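Everything on this sheet refers to the single structure shown next.
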There are 2 protein chains.
Amino acid sequence: MQRYFTITQLTQEFDITTRTLRFYEAQGLVTPQRRGRQRLYTPGDRTRIKLILRGKRLGFSLAEVKELIGMYGSAPGEAGQLRLLMEKIAARREELLEKQRDIELTLLELEEVEAGALARMEELSPVTSEER
Amino acid sequence: MQRYFTITQLTQEFDITTRTLRFYEAQGLVTPQRRGRQRLYTPGDRTRIKLILRGKRLGFSLAEVKELIGMYGSAPGEAGQLRLLMEKIAARREELLEKQRDIELTLLELEEVEAGALARMEELSPVTSEER
DNA sequence: CCGCCTTTTTACGTTAAAGTCAATAGATCT
DNA sequence: AGATCTATTGACTTTAACGTAAAAAGGCGG
């Protein structure tokens with residue numbers, strides 16, 4: 001039942017522009033089929049777009065995202081290629097773990113700032129609600 | 001005992017260029033003191049630089065990082081300002097939590113790819129080591 | 001078949017975040 | 001003091017990731 005998506009459907013779903021999708025295509029990140037000149041995106045293409053946007057949210061460049069996505073579909077028969085793939089995976093995992101630590105730290109700091117702000121609000125309007 | 005850091009010390013410590021640090025200064029992200037024309041960075045400046053780099057690793061723009069850092073030092077006496085601060089904190093926290101979820105998903109997918117790769121390596125060289 | 005609307009192409013513009021280069025200005029070694 | 005080194009400033013360039021505008025090509029409702 002191979003359904004297709006039009007470019008505008010996807011731009012609405014993901015809140016991006018057609019320019020963006022065509023740019024990603026020019027960069028080789030997605031390769032929708034054509035009916036005449038019109039682009040037809042498969043569910044697989046849609047998934048790739050989701051992966052791209054997720055990568056972007058994490059601060060990866062499109063080049064990095066491309067490499068990352070490249071790992072998924074890859075079935076490199078050769079042993080050397082497999083070792084290389086494993087190395088890439090390890091490297092990417094390290095980056096992600098570092099980002100996790102960075103997030104933890106930032107969240108902790110935000111909590112501190114929040115606590116300070118709450119304390120100052122108490123000072124300004126003592127006995128905030130009617131309890132007590 | 002107020003120690004100072006020179007610009008080159010910091011570029012070496014954080015593996016960035018002097019151009020980068022001066023750029024951050026021009027953007028108002030750090031404001032080192034001067035001895036003549038020479039820049040002198042305090043431990044506080046050094047901390048701010050660490051925060052900037054951490055923000056960048058998480059994919060935040062310098063403008064966003066600036067806002068984030070601005071929250072730390074801020075002691076806005078006014079109640080309205082405090083509410084605004086709380087809102088900003090909430091928004092930033094949401095972003096960070098989303099990034100956390102994104103990372104989890106990506107890590108899971110990497111594991112899958114890795115498992116597949118390991119399986120194929122087994123196929124290529126059965127009975128890898130001498131056990132059994 | 002005509003007019004209208006969307007899509008595609010092509011080309012140039014823009015913004016953020018630096019990189020690169022040249023000209024000075026201090027600082028340092030001898 | 002002269003030579004050498006490092007730091008600063010200012011100007012111009014670059015790269016990634018799109019934005020914007022204009023022209024041509026399809027598709028479709030009447």
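Remember, predicted model here, so these are calculated numbers, not experimental data. Naming: A, B, ... by sequence-line order, numbering from 1 per chain.
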CG of B:Asp102 to CG of B:Leu96, rounded to nearest 0.5 Å, is 11.5 Å
If I take atom OH from residue A:Tyr41 and atom CG from residue A:Leu21, how far apart are they, to the nearest 0.5 angstrom?
4.5 Å
By nearest-nucleotide position on DNA chain C, the 5'-leaning member of A:Ile7 and B:Gln27 is A:Ile7
Roughly, in whole Å, what's the span from [atom1] in [X] to [atom2] in [N]?
X: A:Arg35; N: C:dT6; atom1: CZ; atom2: P; answer: 16 Å
X: B:Leu29; N: C:dA16; atom1: CG; atom2: P; answer: 13 Å
X: A:Leu40; N: C:dT7; atom1: CG; atom2: P; answer: 12 Å
X: B:Arg37; N: C:dA23; atom1: CZ; atom2: C1'; answer: 11 Å

Answer with base, sugar-phosphate or nothing: what part of the nucleic acid does A:Thr6 contact at a heavy-atom distance below 4.0 Å?
nothing
I'd like to check the salt bridge (Lys or Arg N to Asp or Glu O under 4.0 Å) partners of [X]; sequence neighbours left out, ordered by chain and number.
X: A:Asp45; result: none
X: A:Glu114; result: B:Arg93
X: A:Arg46; result: A:Glu13
X: B:Arg83; result: B:Glu87

Identify the 5'-most and 3'-most nucleotides of DNA chain D with at least one atom closer than 4.0 Å to a non-hydrogen atom of chain A.
D:dA17 to D:dA25
Residues two or more places apart in sequence or in another chain: which of them pass side chain to side chain donor-acceptor pair (under 3.5 Å) with [X]?
X: A:Glu95; value: A:Arg92
X: B:Thr18; value: B:Arg22
X: B:Thr8; value: B:Thr6
X: A:Thr17; value: A:Thr20

Looking at A:Arg34, I'd like to know whether one of its side-chain N or O atoms comes within less than 4.0 Å of OP1 or OP2 on C:dT9.
yes
Looking at DNA chain D, which of residues 50-61 of chain A put a heavy atom within less than 4.0 Å of it?
A:Lys56, A:Ser61
For DNA chain D, determine which residues of residues 16-26 of chain A have any heavy atom closer than 4.0 angstrom to one of its atoms, and list them numerically.
A:Thr17, A:Arg19, A:Thr20, A:Phe23, A:Tyr24
Side-chain donor/acceptor pairs under 3.5 Å, residues 23-30 of chain A, sequence neighbours excluded:
unit_1	atom_1	unit_2	atom_2	d
A:Glu25	OE1	A:Arg39	NE	2.6
A:Glu25	OE2	A:Arg34	NH2	3.1

